[in-house]
Amino acid sequence: MASSVISSSPFVCKSPAKKDLGVSSFRKASQISIHGCQRKSISRKIVSVMAPQRSSSTSGSVKTGMTMTEKILAKAAEKSQVVPGDNIWVNVDVLMTHDVCGPGAFGIFKREFGDNAKVVLNLAINILSLLAFSLFVIVTSTLKVWDSEKIVVIPDHYIFTSDKRANRNVDIMREHCREQNIKYFYDITDLGDFRANPDYKGVCHVALAQEGHCRPGEVLLGTDSHTCTAGAFGQFATGIGNTDAGFVLGTGKILLKVPPTMRFILDGEMPSYLQAKDLILQIIGEISVAGATYKTMEFSGTTIESLTMEERMTLCNMVVEAGGKNGVIPPDATTFNYVENRTSVPFQPVYSDANARYNHIFVADYRFDVSKLEPVVAKPHSPDNRALARECKDVKIDRVYIGSCTGGKTEDFMAAAKLFHAAGKQVKVPTFLVPATQKVWMDVYALPVPGAGGKTCAQIFEEAGCDTPTSPSCGACLGGPADTYARLNEPQVCVSTTNRNFPGRMGHKEGQIYLASPYTAAASALTGHVTDPREFLQ
Amino acid sequence: MASSLPTLPRALPSSSSKPSSPLVPFRSSSLKFTTPTPFIPSSISISSRGASFVIPRATPASHGSGSTETLAKTTFHGLCFVLKDNIDTDQIIPADKATIFPSNQQERDEIASYALSGLPDSHTTRFVVPGEIKSKYSIIIAGENFGCGSSREHAPVCLGAAGAKAVVAQTYARIFFRNSVATGEVFPLESEVRVCDECTTGDTVTIELRDSGGLLTNHTTGKQYKLKAIGDAGPVIDAGGIFAYARKVGMIPSPSVA
């Protein structure tokens with residue numbers, strides 16, 4: 001909230017005009033990599049990357065254009081116009097929380113909006129019992145969240161564990177949801193068999209989409225940094241802490257500073273061996289882990305239009321790894337088709353005023369010719385430590401992990417299965433499969449993989465020697481309690497479809513995590529080294 | 001293989017329009033709420049009691065202190081602990097510790113003992129000595145993008161619980177900054193130059209805050225550094241956190257005395 005927009009520019013030489021990153025050959029990319037090495041030692045000069053500052057419109061002045069994010073926030077704040085930098089109170093459409101942060105958020109809500117009343121009333125009861133009793137009933141029974149149908153509680157982080165405190169958190173959420181009559185609580189009681197829990201979903205960001213809670217034009221907040229995933233649906237979605245969430249629980253509002261928008265235009269036909277994970281790793285490697293701090297990352301272009309919703313989710317998922325406040329993709333027929341199949345809640349799509357006349361509303365422009373890109377990984381220990389997968393082929397690995405909100409969706413498993421099937425070989429290292437949600441797990445076992453003669457993902461995985469797909473949850477993406485399935489408990493090298501690889505992320509501090517696409521992960525499993533998927537896909 | 005059918009419908013339009021005003025019927029600031037309830041982090045009490053957001057000199061924060069110091073007179077003094085760039089939340093507090101819920105002093109002490117325990121072993125000096133709860137360092141100095149990663153408030157909470165009063169970073173990741181302001185656990189300040197390259201863990205430093213910015217003095221090296229003004233977060237910090245600020249500007253009802 002405090003940093004000004006101009007204060008952190010990763011590139012000393014950046015120009016305010018459109019920046020063409022055709023990346024037609026990888027000599028250019030290696031130049032960028034060298035530049036990347038240099039930039040870390042250059043002290044950050046303040047460079048104006050902004051177009052002429054737009055000021056808040058005064059009475060009678062002409063309306064300036066707005067980006068998608070600005071329009072969504074303006075509407076949610078009941079204003080006709082906002083500009084980056086405005087601090088506004090915004091109405092929230094959906095608040096999501098999970099097992100780790102839910103107890104804290106609800107606790108703060110009760111503390112700030114209700115407990116005081118209860119305690120005062122207890123005193124009153126001693127004084128005027130009859131009057132106080134009726135007041136007590138009225139007051140305590142009217143402590144309510146702002147809207148019990150706009151809160152979605154999704155246990156997903158530390159579920160399949162014997163850790164008592166983790167289990168306690170789910171029980172605590174059950175109590176809160178019962179007390180507040182929360183409509184959408186995807187509960188789990190039988191930890192021994194996830195399938196015995198009809199309401200349990202799994203990873204919150206995937207569940208939100210699958211259950212129809214993501215809709216264009218809306219404001220969605222969640223007590224998790226990867227809430228930005230939902231921006232794929234053309235909405236404003238960002239992660240918040242427990243205190244902010246407690247505030248939203250009581251009021252349905254939040255104080256937000258309008259972020260400026262960086263535009264990423266991706267054009268060109270997506271090569272068959274490339275996935276959205278490669279695109280976002282490419283971008284983060286370009287702008288660094290702080291390149292989008294306090295900003296919106298807006299993705300558009302012909303490539304984006306060709307992506308499925310799940311691929312768009314992968315793209316927006318890692319916006320936070322670039323420091324971004326939110327990611328956003330203009331909604332289109334793909335979006336409407338997905339959303340309308342899952343919810344009947346009406347929505348209103350919103351678009352940036354983006355033609356040449358309004359280019360100034362974006363603070364940065366990046367263009368990529370996707371047809372020229374190659375599979376990439378993020379080497380230990382940073383999501384911006386980008387390298388070509390083929391240049392890492394000498395890196396011996398100990399295991400592969402396919403899962404998480406980033407890389408554990410149905411299409412991610414389909415892709416891995418497709419590569420395994422094309423290769424017809426067995427994996428050389430333990431390969432852990434963690435479907436994000438119950439629905440993904442079912443798809444893995446039920447859906448035929450295109451071009452595989454009717455075989456399902458599960459069959460292909462079994463033939464390739466992978467571990468059996470496990471109970472859906474966040475799993476080992478963030479380490480978790482000691483008994484978490486596939487946790488990195490030793491200093492091993494892991495290729496993972498997850499989102500962060502800082503030291504200790506998956507458990508052991510000396511663990512080495514290479515972030516990669518499902519294709520790259522599958523290819524690496526087959527060779528026991530970091531491997532470009534073209535080894536098996538072309 | 002088929003699981004039982006979900007009992008919850010997918011997202012439906014709201015079945016009724018409910019009044020959305022939260023209930024804060026009356027609340028007297030003189031009442032002391034000493035009965036702990038299981039789910040509430042005690043860290044919140046500092047910013048939510050209407051006390052202005054002030055971190056006194058390196059002493060444990062007290063409940064409802066009602067201090068009237070303003071931003072301009074705030075100082076911090078103590079030993080500093082120096083970190084470099086991109087210290088993410090999992091290094092500040094390993095993710096498996098997120099099940100600790102600092103709602104009571106015991107769990108607060110527990111999470112404090114793990115503060116910055118996620119740092120690689122190349123950091124030979126520990127922020128909190130194993131077996132202890134408090135750190136001897138009350139000021140953290142860091143490079144760029146401090147607190148990147150997760151939105152979990154456990155990150156600023158564990159630092160504050162361990163005794164850190166302020167962080168001076170070159171830049172912050174936005175969620176961590178926001179959570180620091182919201183919880184009031186550590187005061188997040190920004191330096192204008194790379195202070196982390198010029199200070200060493202164990203140096204004695206003083207921070208003086210003024211409305212226009214601040215001043216960091218390293219007594220061990222004798223150097224002084226300007227700190228940036230707090231910016232838009234200032235009014236929220238001044239008011240005592242997001243709830244106090246919201247009451248101040250009338251966004252949520254102010255408590256009326258019974």
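Letters go in sequence order (proteins before strands), and every chain restarts at 1.
Ranked by heavy-atom pairs shorter than 4.5 Å toward chain B, the options A:Val100, A:Asn169, A:Asp244 are led by A:Asp244. When each of A:Phe185, A:Tyr186, A:Trp89 is checked for heavy-atom pairs under 4.5 Å with chain B, A:Trp89 comes out on top. The residue among B:Lys97, B:Met251, B:His154 with the most heavy atom pairs within less than 4.5 Å of chain A is B:Met251.
No part of B:Val193 comes within reach of chain A, as not one of its non-hydrogen atoms sits under 4.5 angstrom from that chain. Of the two parts of B:Ile175, only the side chain, counted from C-beta on, holds a non-hydrogen atom closer than 4.5 Å to a non-hydrogen atom of chain A. Residue contact with chain B, scored on non-hydrogen atoms closer than 4.5 Å, is absent for A:Lys164. Proximity to chain B (any heavy atom under 4.5 Å) is restricted, for A:Asp163, to the side chain, taken from C-beta onward. Only the side chain of A:Glu510 comes within less than 4.5 Å of a heavy atom of chain B; its backbone N, CA, C and O stay farther away. Within the 4.5 angstrom heavy-atom criterion, no atom of B:Pro94 approaches chain A. Using a 4.5 Å cut-off between heavy atoms, B:Ser117 touches chain A through its backbone atoms (N, CA, C, O) alone. In this structure, no portion of A:Leu249 lies under 4.5 Å from any heavy atom of chain B. For B:Ile100, the parts sitting under 4.5 Å from any heavy atom of chain A are the backbone and the side chain alike. The contact between A:Ser344 and chain B is made by backbone and side chain atoms together, counting heavy-atom distances below 4.5 Å. Contacts between B:Glu107 and chain A at a heavy-atom distance below 4.5 Å involve the side chain alone, from C-beta outward. Of the two parts of B:Ala155, neither the backbone nor the side chain holds a non-hydrogen atom closer than 4.5 Å to a non-hydrogen atom of chain A. Residue A:Thr161: no heavy atom, backbone or side chain, is found under 4.5 Å from chain B. Interface remark: A:Arg500 contributes side-chain atoms only to the contact with chain B (heavy atom separation under 4.5 Å). Residue B:Asp90 touches chain A through its side chain alone, counting heavy-atom pairs closer than 4.5 Å. Heavy-atom distances place no part of B:Pro156 under 4.5 Å from chain A, backbone and side chain included.
Among residues two or more places apart in sequence or in another chain, the side-chain contact (heavy atoms from CB on, under 4.5 Å) test is passed with A:Ala207 by A:Ile154, A:Lys201, A:Thr437. Contacts of B:Pro235 classified as side-chain contact (heavy atoms from CB on, under 4.5 Å), with partners at least two apart in sequence or in another chain: B:Tyr245.
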**Message:** What verdict does the side-chain contact (heavy atoms from CB on, under 4.5 Å) test give for B:Asp197 and B:Lys84, after you've listed the backbone C-alpha separation in whole Å, the side-chain angles of each residue and the deciding distance to 0.1 Å?
**Reply:** CA-CA 8 Å; B:Asp197 284 344; B:Lys84 299 296 182 181; 2.8 Å; yes

**Message:** For A:Phe109 and A:Phe247: C-alpha separation, side-chain torsions, deciding distance, then whether ring-ring contact (aromatic ring centres under 6.0 Å, His included) applies.
**Reply:** CA-CA 6 Å; A:Phe109 157 70; A:Phe247 186 87; over 10 Å; no

**Prompt:** Between A:Tyr200 and A:Trp441, does a ring-ring contact (aromatic ring centres under 6.0 Å, His included) hold up when you go through it step by step?
**Reply:** CA-CA 12 Å; A:Tyr200 178 71; A:Trp441 187 95; over 10 Å; no

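When all heavy atoms of B:Ile111 and B:Cys158 are compared, the pair lying nearest together is O-CB, 3.6 Å. The shortest heavy-atom contact between A:His157 and A:Asp99 is N-OD1, 2.8 Å.
Taking the charged nitrogens against the carboxylate oxygens, A:Asp190 and A:Arg195 have no contact shorter than 4.0 Å, which rules out a salt bridge.
Remark: the backbone N or O of A:Asp224 is paired with a side-chain donor or acceptor of B:Ser151 at under 3.5 angstrom. Of the possible polar contacts, none joining the B:Glu153 side chain to the B:Asn179 backbone as a donor-acceptor pair under 3.5 Å is found.
At a threshold of 4.5 Å between non-hydrogen side-chain atoms, the residues B:Phe187 and B:Ser180 do not count as touching.
A side-chain donor-acceptor contact under 3.5 Å links B:Gln91 and B:Asp88.
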